[in-house]
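First the structure, in the form of structure tokens, and then the observations on it.
All ligand and atom numbering here is 1-based and tracks the order in the structure. The figures here come from the full heavy-atom set of this structure, side chains too, leaving out hydrogens, waters and symmetry mates. Quick caveat, the model's predicted, so the values are computed rather than measured.
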Amino acid sequence: MGIVKTIRPYHQPAGGWGALKAMGEALVEQHVAVSGMATLAHMNQPGGFDCPGCAWPDPQHTSPFEYCENGAKAVAWEATAKRCTPEFLAAHTVTDLEEWNDFELEMVGRLTHPMRYDERSDTYVPVSWEEAFATIARHLNALPDPNMAEFYTSGRTSNEAAFLYQLFAREYGTNNFPDCSNMCHEATSVGLPQSLGVGKGTVLLEDFDKADAIFIFGQNPGTNSPRMMTSLRDASRRGATIMSFNPFRERALERFQAPQNPVEMATLTATPISSRLFQVRVGGDVAVIKGMMKWLVEADRLALREDGARVLDWDFIRGHTAGIEALVADLDATHWADIERRSGLSRDDIECAARAYARSKCAILAFGMGLTQHRHGAQNVQQLANLALLRGNIGREGSGICPVRGHSNVQGDRTVGITEVPGPALLDALAARFGFEPPRAHGHNVVTALDAMLRGEARVFIGMGGNFAAAIPDWGATQAALRRLDLTVQVSTKLNRSHLVHGREALILPCLGRTELDLQAGGAQAVTVEDSMSMVHASKGMNPPASEQLMSEPAIVAGMARATLGTRSKVGWERLVGDYALIRDDIEAVFPIFEGYNARIARPGGFHLASPARERIWATPSGKANLLVCEGLCEDPAMTDPEALWLTSVRSHDQYNTTLYSLSDRYRGVYGQRDVLFLNPAEIERRGLAADDRVDIVTIAEDGVERRVRGFRVVPHAFPDGACAAYYPEMNPLVPLAAHDPQSFTPSYKAVPVRLEKCTPAGGGR
Ligand SMILES: Nc1nc2c(c(=O)[nH]1)N[C@H]1C(S)=C(S)[C@@H](COP(=O)(O)OP(=O)(O)OC[C@H]3O[C@@H](n4cnc5c(=O)[nH]c(N)nc54)[C@H](O)[C@@H]3O)O[C@H]1N2
Ligand SMILES: Nc1nc2c(c(=O)[nH]1)N[C@H]1C(S)=C(S)[C@@H](COP(=O)(O)OP(=O)(O)OC[C@H]3O[C@@H](n4cnc5c(=O)[nH]c(N)nc54)[C@H](O)[C@@H]3O)O[C@H]1N2
Ligand SMILES: [Mo]
């Protein structure tokens, strides 16, 4: 692409004509301009397919235009006319392809054939499906212990495929289910149950229409869940207060022009979104939330003394929660000076946010990766839950806690059994339904799977989607460990880094995407997915598959299972794959919450999976919602180093996780490059640097390992002191594997202590 590398501040609102233009360009670039528009017409419509992008819910299908710029890109990239053929893979050695960047790999197009790695030629060569499945079976059956295999899932996988996948791995004998959500919202899935008894959000889309305040922590909806902007825009127009906490002044959090709105588009007007945007220091959220709660508690005491209206919801606190005394004691012991230092915000600012929260009758607290991907990710989430509970904002119309999930079915995969820590209810139900005894011992998550690979204890990796090798932390060590495995298997749609960072033997198994027709013995199949708000609905592709060789994910799982388990298996794999409705019957038998599954997905819009917390039923051991104390303000000793900066990693506007749509990031004003480091002018000067200098970024860690990325361009940007930011996944080599939340094992992708080394023109830089 001939994009010139420039830095050019972006002054327009988010959305608008820029979004429409980018959408059109994506379709043209993937050579699908006409068929692409036809494909988009089926997206998020009854009888059509679910957007393969993010997990934001669909409204009740009132407009024919229910997609966004980034959803359109996700579709264009899947429906692309480009192909990654056996001829292409014969012409390029794996060693050569390793020099390609992730954008170039992605642009080769859809994978068309099952391939195996051939060591002699250092290329991928075609293999038959039978042979591929036999290879997997040979390796799995040779392992002395099934727990030496890792079964990874990425969150695009449908409920049906995910259910079969966990069934296969458990009948084979392991609970090793590292999952993309281990790197994503695991802090929510682990932290929230301790607070509220459920690991999911408590709001529905319609609550956004009723909330009078919305607080957004560490989430960038304009890029990562653009359809949320419709809800925010409407809320703003209704006069609801919206406040955001983010080290970046993300443009969509400031103002937004709705591409779906003819008046805004014609008149070039936009809607202001956040009434205040607080630039919290990286990792400073616990300090902010504690500050807000401290103000609430103090204001409540004042109200009591002066006989005014109370600020805390004491009926709710007394009737529904436990732990208020300890929480108040912790807040009293926390000093404003520390809160200000750690958060990077002034007491005035925090009080302003707290006052707005206290004024609201019903508030939604939404959050994303800026809260979860920290060493204290679960604690961040729990402090936010405290903030909600103090004013009874759970289980009331127009209020609640709203983790905005990532992948379009990451939540559903977990619901149907992809978990390394299964409870007895799940295992007993599987045993009762299928007649085999599933393993009881807990398995590996992403971090413990990588630890097992590093120790040589894991030998086989199977990836159901995703790009594990690029998404994980600590590449120096972890990618080397992946290369030492006996077998790596990737079920994929596109060429990616994980095909190049491979085991001694390696397979690429190409599968159908969400937009494609899935024809099985029983006819065209639909799959189901669950969105961020626990709505389950059907998705049915209609495009002809990218190649005749493609298999569906459920069929690939069944192929692996039949080859590996043979007559040992108690599961009728062939029958299930012939008609996915039978898989849904099995899901319903194992998970009673899916009662009437097949009938309920026939309704447009699908159905809601009940959440006890939404009904103020607390599935905790105490039977109450728990107000939990987090000791201190999550300081890090490494940060006493005067050179230290907190480094966070973010997504550009033009990427879907490790998939790069281009090298630009429109809203942050970056074009044609990704090797940039954002920090504020004062920090640049303090380090004797200047704009456009090249620096190495080096992790500050005590384990003696050098972690360094080279030659990044210094870009001045309004950013908090003591912090800097760059793009994911380029920053992943810097994140130590050990730097994760001890509770949820979520890697600390959003806060790594680093220092900078200026590159001299002769050496270091590029
Ligand atoms: N187009 C597109 N859509 C996507 C994705 C994509 O890559 N592209 N990815 C999908 C996936 S899997 C996920 S999980 C979601 C991710 O969606 P988001 O949660 O929005 O993900 P990020 O861009 O990683 O980070 C969110 C925000 O956190 C801020 N942040 C960084 N550090 C901190 C901090 O310490 N405190 C606070 N308060 N904020 C901080 C960043 O500036 C950024 O604005 O989106 C999903 N949707
Ligand atoms: N530094 C840093 N690291 C991070 C993050 C961060 O914010 N910062 N975010 C983390 C998060 S939130 C997540 S969720 C993970 C993401 O980790 P993953 O989910 O593993 O990665 P993706 O980039 O989403 O995977 C993209 C690949 O999925 C395949 N694919 C696409 N569609 C399909 C499909 O329908 N079926 C199948 N089988 N394959 C398909 C394609 O081959 C594509 O190359 O990364 C994590 N890593
Ligand atoms: Mo994610």
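The shortest contact between atom 36 (N) of ligand 1 and any protein heavy atom is with D285 OD2, 2.7 Å. Atom 10 (C) of ligand 1 has as its closest protein heavy atom Y656 OH, 3.5 Å. Protein heavy atom in closest approach to atom 40 (C) of ligand 1: P247 CD, 3.3 Å. In terms of protein heavy-atom proximity, atom 8 (N) of ligand 1 is nearest to Q655 O, 2.7 Å. Annotation: atom 34 (C) of ligand 1 to nearest protein heavy atom, G370 O, 3.4 Å. In terms of protein heavy atoms, atom 13 (C) of ligand 1 is closest to G406 CA, 3.1 Å.
Between H185 and V410, the closest side-chain pair of non-hydrogen atoms is not below 4.5 Å. Contact annotation: the side chain of D474 never approaches that of N732 to less than 4.5 Å [non-hydrogen atoms, C-beta and beyond].
Scanning A74, G218, S748, G283 for the heavy atom closest to atom 27 (C) of ligand 1 points to G218. Residue K494 holds the heavy atom nearest to atom 42 (O) of ligand 2 of all those in E106, K494, H185. Scanning L253, N657, N224, D654 for the heavy atom closest to atom 18 (P) of ligand 1 points to N224. Summarising the contacts of atom 44 (O) of ligand 1 with R156, E250, Q279, the nearest heavy atom is found in E250. The residue among R651, Q219, R281 with a heavy atom at the shortest distance from atom 16 (C) of ligand 1 is R651. Counting only non-hydrogen atoms, the option in N246, T648, L647 that gets closest to atom 31 (C) of ligand 1 is T648. The heavy atom nearest to atom 25 (O) of ligand 1, out of those in K750, R405, H407, Q373, is found in K750.
Those atoms of ligand 2 that come under 4.0 Å of a heavy atom in M369, given as number and element, are 12 (S). The ligand atoms of ligand 1 that sit less than 4.0 angstrom from a heavy atom of V280 are 38 (N). Atoms of ligand 2 lying under 4.0 Å from any heavy atom of Y152, numbered from 1 in the order shown and given with element: 17 (O), 18 (P), 19 (O), 20 (O). Near V282, the atoms of ligand 1 lying under 4.0 angstrom from a non-hydrogen atom of the residue are 35 (O). If you number the atoms of ligand 1 from 1 as listed, the ones under 4.0 Å from a heavy atom of C184 come out as 14 (S). Below 4.0 Å from some heavy atom of T223 lie the following atoms of ligand 1, by number and element: 1 (N), 2 (C), 3 (N). Set against the non-hydrogen atoms of S154, the atoms of ligand 2 under 4.0 Å away are 18 (P), 19 (O). Listed by number with element, the atoms of ligand 1 under 4.0 angstrom from any heavy atom of G368 are 19 (O). Of all atoms in ligand 2, numbered sequentially from 1 with element shown, those under 4.0 Å from a heavy atom of N496 are 27 (C), 42 (O), 43 (C), 44 (O). For ligand 2, the atoms sitting less than 4.0 Å from at least one non-hydrogen atom of G465 are 37 (C), 38 (N), 39 (N), numbered in the order shown with element in parentheses. Set against the non-hydrogen atoms of V491, the atoms of ligand 2 under 4.0 Å away are 37 (C), 38 (N), 39 (N). Residue-ligand proximity, E553 to ligand 2, at heavy-atom distances under 4.0 Å covers atoms 34 (C), 36 (N), 37 (C), 38 (N).
Closest approach of Y10 to G15, counting heavy atoms only: OH-O, 4.5 Å.
Residue contacts with ligand 2: C511 is included, with a non-hydrogen atom under 4.0 Å away. Residue contacts with ligand 1 include H374, since one of its heavy atoms falls under 4.0 Å from the ligand. Assignment of M731 to the shell around ligand 2 is not supported, since no heavy atom sits closer than 4.0 Å.
The pair R651-D665 does not meet the salt-bridge criterion, since no charged nitrogen lies less than 4.0 angstrom from a carboxylate oxygen. The existence of a salt bridge linking R414 and E186 is confirmed by a sub-4.0 Å separation between a basic side-chain nitrogen and an acidic carboxylate oxygen. Between E250 and R668, at least one side-chain nitrogen of the basic residue sits less than 4.0 Å from a carboxylate oxygen of the acidic one, meeting the salt-bridge criterion. A salt bridge does not link R276 with E254: none of the charged nitrogens is closer than 4.0 Å to a carboxylate oxygen. The pair K73-E25 fails the salt-bridge criterion, with no side-chain N (NZ, NE, NH1 or NH2) lying under 4.0 Å from an Asp/Glu carboxylate O. A salt bridge does not link E340 to R281: none of the charged nitrogens lies less than 4.0 Å from a carboxylate oxygen. Salt bridge annotation for R514-E78: absent, with no cationic side-chain nitrogen under 4.0 angstrom from a carboxylate oxygen.
Of the polar atoms of G155, none of the N or O atoms is found under 3.5 Å from an N or O of ligand 2, judged by distance alone. The N/O atoms of F245, backbone and side chain alike, include one that comes under 3.5 Å of an N/O atom in ligand 1.
Classified by interplanar angle (parallel below 30°, tilted 30° to 60°, perpendicular above 60°), the ring pair W129/F133 is tilted. Relative orientation of the H653 and Y667 rings is tilted, given thresholds of 30° and 60° on the angle between their planes.
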